[in-house]
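Report on one structure; see the data block that follows.
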Amino acid sequence: MTSTVLVEVRGNVQIMTLSNPEARNAATLEMAEAMVAALDALDNNPALQVGIVTGAGGTFCAGMDLKGFLQGKPLIAAVEGYALAGGFELVLACDLIVAARTAKFGLPEVKRGLAASAGGLLRLPKRLPYHIAMECILTGDMFGAERAHAHGLVNRLVEPGQALDAVLELAQAVAANGPLALIASKRVAQESADWPQAEMFERQAVITTPVFASQDAREGATAFAE
């Protein structure tokens, strides 16, 4: 059986392509399990620095429930076509987003009497101005990549068909950095929102101090000095 998640490694970057184009890459249990396996492989391979999530056939994903599986190394979404429902929630779980100008995002769950419970309701109000996020959540209407970019949700806009190439370029810029520094930096950025102000630097030190003692840090300091 053909895998519903195609995994390709290019240098220290792993590309995970959702591949069920006949159904606009709508999620199945098989796809969810394959994505979890791919993410485990990414996290457990020290030679890999960054993960890319994209979709086959000109569409990102029309729905996937991965909840909290996207953790650990930096992840970048390459969005073409539609990223709807759980597909949009998957995008929101990534650290960086590159989208074609023609891409469409949305949480249409309310139109079906459902709720976007795989992260959309939790993450979107933190990524967009509150009233813009609530318009998306409460109407269920789609909105375009250019509007998303204008509000800071999308990092880079590209022409249709160019999202993956642009993401690979961005991924290489990320992957050129120290692996321990990347993981620690992502962890602090994600967890610190709930830290009491008086404890912020103390909690940060628990995560970042091992980075300064690492071989990566010593090599980086030497390279900077040279």
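Only this structure's heavy atoms are used, side chains among them; waters, hydrogens and symmetry mates stay out. Just so we're clear, the structure is a prediction, and the values are computed from it rather than from any experiment. Along the sequence shown, residues are numbered consecutively beginning with 1.
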If you count every heavy atom of other residues, nucleotides or ligands that lies below 6.0 Å from Arg187 atom CZ, does the total exceed 12?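 Check fails, neighbour count at 12 or below.
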
Flag, side chain of [X] to backbone of [Y], donor-acceptor distance under 3.5 Å:
{"X": "Glu8", "Y": "Thr17", "answer": "no"}
{"X": "Gln204", "Y": "Val188", "answer": "no"}
{"X": "Asn12", "Y": "Ala47", "answer": "no"}
{"X": "Glu146", "Y": "Arg101", "answer": "no"}
{"X": "Asn20", "Y": "Thr4", "answer": "no"}

Who passes salt bridge (Lys or Arg N to Asp or Glu O under 4.0 Å) against [X], sequence neighbours left out?
{"X": "Glu202", "value": "none"}
{"X": "Glu22", "value": "none"}
{"X": "Asp40", "value": "none"}
{"X": "Glu169", "value": "none"}

Taking only residues at least two apart or on different chains, which pairs with a member in residues 44-55 satisfy side chain to side chain donor-acceptor pair (under 3.5 Å)?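 Passing the test, one end in residues 44-55: no pairs.
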
Shortest non-hydrogen contact from [X] toward [Y]:
{"X": "Pro125", "Y": "Gly120", "answer": "CD-O, 3.9 Å"}
{"X": "Ala103", "Y": "Ala99", "answer": "CB-CB, 4.2 Å"}
{"X": "Lys73", "Y": "Leu48", "answer": "NZ-O, 2.8 Å"}
{"X": "Ala93", "Y": "Arg123", "answer": "CB-NH1, 3.8 Å"}
{"X": "Ala145", "Y": "Val154", "answer": "O-CG2, 4.4 Å"}
{"X": "Pro210", "Y": "Ile207", "answer": "CD-O, 3.5 Å"}

Using links of under 4.5 Å between side-chain heavy atoms of ILVMFWY residues, direct or through other members, which residues join [X] in one cluster?
{"X": "Val110", "result": "none"}
{"X": "Leu122", "result": "none"}
{"X": "Leu114", "result": "none"}
{"X": "Val174", "result": "Val13, Ile15, Val50, Ile52, Ile76, Leu96, Val98, Val158, Leu164, Val167, Leu168, Leu170, Leu182"}

Validation row: Val211, Ile183 side chains within 4.5 angstrom (heavy atoms):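 Side chain of Val211 against side chain of Ile183, heavy atoms only: no contact under 4.5 Å found.
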
Heavy-atom side-chain proximity of Arg203 to Pro196 below 4.5 angstrom: yes

Which pairs pass salt bridge (charged side-chain N to carboxylate O under 4.0 Å, His left out) with one or both residues in residues 125-145, sequence neighbours excluded?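 Listed by first then second residue: Lys111-Asp141, Glu135-Arg147.
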
Among pairs that include at least one residue of residues 54-63, which meet salt bridge (charged side-chain N to carboxylate O under 4.0 Å, His left out), considering only residues two or more places apart or in two chains?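 Pairs touching residues 54-63 that pass the test: none.
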
Could you grab the distance from atom [atom1] of [X] to atom [atom2] of [Y], nearest 0.5 Å is fine?
{"X": "His131", "Y": "Leu138", "atom1": "NE2", "atom2": "CG", "value": "10.5 Å"}
{"X": "Leu124", "Y": "Leu107", "atom1": "CG", "atom2": "CG", "value": "6.0 Å"}
{"X": "Leu18", "Y": "Thr59", "atom1": "CG", "atom2": "OG1", "value": "10.5 Å"}
{"X": "Glu80", "Y": "Gln162", "atom1": "CD", "atom2": "CD", "value": "8.0 Å"}
{"X": "Leu90", "Y": "Asn25", "atom1": "CG", "atom2": "CG", "value": "11.0 Å"}
{"X": "Met200", "Y": "Ser192", "atom1": "CE", "atom2": "OG", "value": "5.5 Å"}

For Phe88, enumerate each residue passing the ring-ring contact (aromatic ring centres under 6.0 Å, His included) test, keeping only those at least two apart in sequence or located in another chain. Phe105, Phe143

Hphob cluster co-occupancy, Trp195 + Val206, side-chain heavy atoms under 4.5 angstrom: no

For Gln14, which of Val53, Leu39, Leu42, Leu75 qualifies under side-chain contact (heavy atoms from CB on, under 4.5 Å)?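 Considering Val53, Leu39, Leu42, Leu75, a side-chain contact (heavy atoms from CB on, under 4.5 Å) with Gln14 is found only for Leu42.
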
